[in-house]
Amino acid sequence: MNSITISLLSLLLFSFTLHLSGAAASIEDTCKAAAATNPAINYDFCVSTFLRNPKSSSADTRGLASITALTTVNQAYNVKSDINDLLTKSTDPLTKSSLEQCLRVYTSMVTTLAQAVDAINGRQDDAAKGFLNMAIDGANNCEAAFGKVGMVSPLTKDNSDSVELSNMALAILALA
C-alpha cells in the first residue's frame with residue numbers, strides 16, 4: 001500500500017472511532033484530520049480556534065463542528081462591526097459601495113451561519129453543509145467586490161478567516 005492509501009485508511013478509521021465513541025474528541029487529532037481532508041485548513045489556526053473555547057476540550061466531533069460554526073457566526077458579526085467602522089471613515093465612493101455590498105453579505109451570513117449551527121446541532125448535516133457553503137460564497141463575494149473595482153480589499157484577512165472557519169466546520173462535520 002502506498003502512503004496515500006495508508007493515510008486515507010487511518011483517517012477513515014479515526015473518523016469511525018470518533019463517531020462510535022461519542023466521547024470527547026482530541027482537538028489536535030480532529031484538526032489534523034480536518035487539515036488532511038481540506039488543504040485550505042491550517043492546522044495551527046484550527047487548534048488555536050478551539051483552544052480559545054473552553055467547551056472544546058470536552059466536545060465530541062459533532063460538538064467541535066458546532067463550536068466552529070458558532071465561532072464563524074461570531075466572526076461574521078465582528079466583520080459586520082468592522083465594516084460599519086470602515087464605512088464611517090471612508091470618503092471614496094467605490095470603497096463605500098464595496099463596503100456596503102460586504103455589509104449586506106455579512107448581515108446575511110450571520111443569519112445563515114446561525115442556521116448552520118442549528119442544523120449541526122439538529123443532525124441535519126446536508127442543510128448545515130448548504131449553509132456553510134453559502135457563507136464561503138458570501139465571504140468570497142465580499143472579497144470580489146473590491147477586485148471588481150480594482151481595489152485591494154481592507155477585509156481580506158476577515159474574509160479569509162471566515163472562509164477557513166466555514167471550511168473547518170464542513171471538514172469536521174464530515175468526521176462526525
About how many Å separate [atom2] of [Y] and [atom1] of [X], when rounded to the nearest 0.5 Å?
X    : Y    : atom1 : atom2 : answer
S160 : N42  : OG    : CG    : 9.5 Å
C102 : D82  : SG    : CG    : 11.5 Å
N141 : M134 : CG    : CE    : 11.0 Å
Q75  : N159 : CD    : CG    : 9.0 Å
C46  : I41  : SG    : CD1   : 6.5 Å
Q124 : D118 : CD    : CG    : 8.5 Å

Q: Go through the steps to decide whether L165 and F45 satisfy the test side chain to side chain contact (heavy atoms under 4.5 Å, CB included), and finish with yes or no.
A: CA-CA 9 Å; L165 285 165; F45 180 87; 3.8 Å; yes
Q.
Restricting to side chain to side chain donor-acceptor pair (under 3.5 Å), what partner residues turn up for D161, sequence neighbours left out?
A. K157
Q) Are a donor atom and an acceptor atom from the side chains of N84 and Y106 found within less than 3.5 Å of each other? A)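 No, no side-chain donor-acceptor contact under 3.5 Å.
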Q.
Go through it in stages, so that I can follow the logic: the residues are L103 and L87, the test is side chain to side chain contact (heavy atoms under 4.5 Å, CB included), and I'd like the CA-CA distance, side-chain angles, deciding distance and then a yes or no.
A. CA-CA 9 Å; L103 183 60; L87 277 168; 3.9 Å; yes
(Q) With side chain to side chain contact (heavy atoms under 4.5 Å, CB included) as the test, pick out the partner of M109 among T111, V105, T107. (A)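 Of T111, V105, T107, side chain to side chain contact (heavy atoms under 4.5 Å, CB included) with M109 is met by V105 alone.
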Q.
Tell me which one of I172, L173, L175, T49 satisfies side chain to side chain contact (heavy atoms under 4.5 Å, CB included) with L64.
A.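 Checked I172, L173, L175, T49 against L64; only one passes side chain to side chain contact (heavy atoms under 4.5 Å, CB included): I172.
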If every non-hydrogen atom of [X] is compared with every non-hydrogen atom of [Y], which pair is closest and at what distance?
X    : Y    : result
T112 : F131 : CG2-O, 3.3 Å
D85  : T88  : O-OG1, 2.7 Å
L113 : A135 : CD2-CB, 3.5 Å
A34  : A171 : CB-CB, 3.9 Å
S57  : P54  : OG-O, 3.3 Å
S56  : I27  : CB-CD1, 3.8 Å

Without swapping roles, check the side chain of [X] against the backbone of [Y] for a donor-acceptor pair under 3.5 Å.
X    : Y    : value
R62  : N121 : no
T156 : S153 : yes
S166 : S162 : yes

Can you check whether [X] reaches [Y] side chain to side chain, under 4.5 Å on heavy atoms?
X    : Y    : value
T68  : F50  : yes
I120 : D125 : no
F146 : V152 : no

Q) Above 12 or not: heavy atoms from other molecules or residues under 6.0 Å from NZ of K96? A) yes
Q.
Walk me through whether L99 and L155 qualify under side chain to side chain contact (heavy atoms under 4.5 Å, CB included).
A. CA-CA 9 Å; L99 286 169; L155 302 169; 4.1 Å; yes
**Q.** Path from L132 to V73 over hydrophobic side-chain contacts below 4.5 Å
**A.**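 Per the 4.5 Å side-chain linkage, L132 and V73 are co-clustered.
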Q.
Check for me, please, whether L70 and V79 land in the same ILVMFWY cluster - side-chain distances under 4.5 Å, paths through other members count.
A. yes
Q: Check the pair S48, R52 against side chain to side chain contact (heavy atoms under 4.5 Å, CB included), reporting the backbone distance first and the verdict last.
A: CA-CA 6 Å; S48 68; R52 287 192 297 267; 3.8 Å; yes
**Q.** K80 with D158: basic N within carboxylate O range, under 4.0 Å
**A.**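 Answer for the salt bridge query: no.
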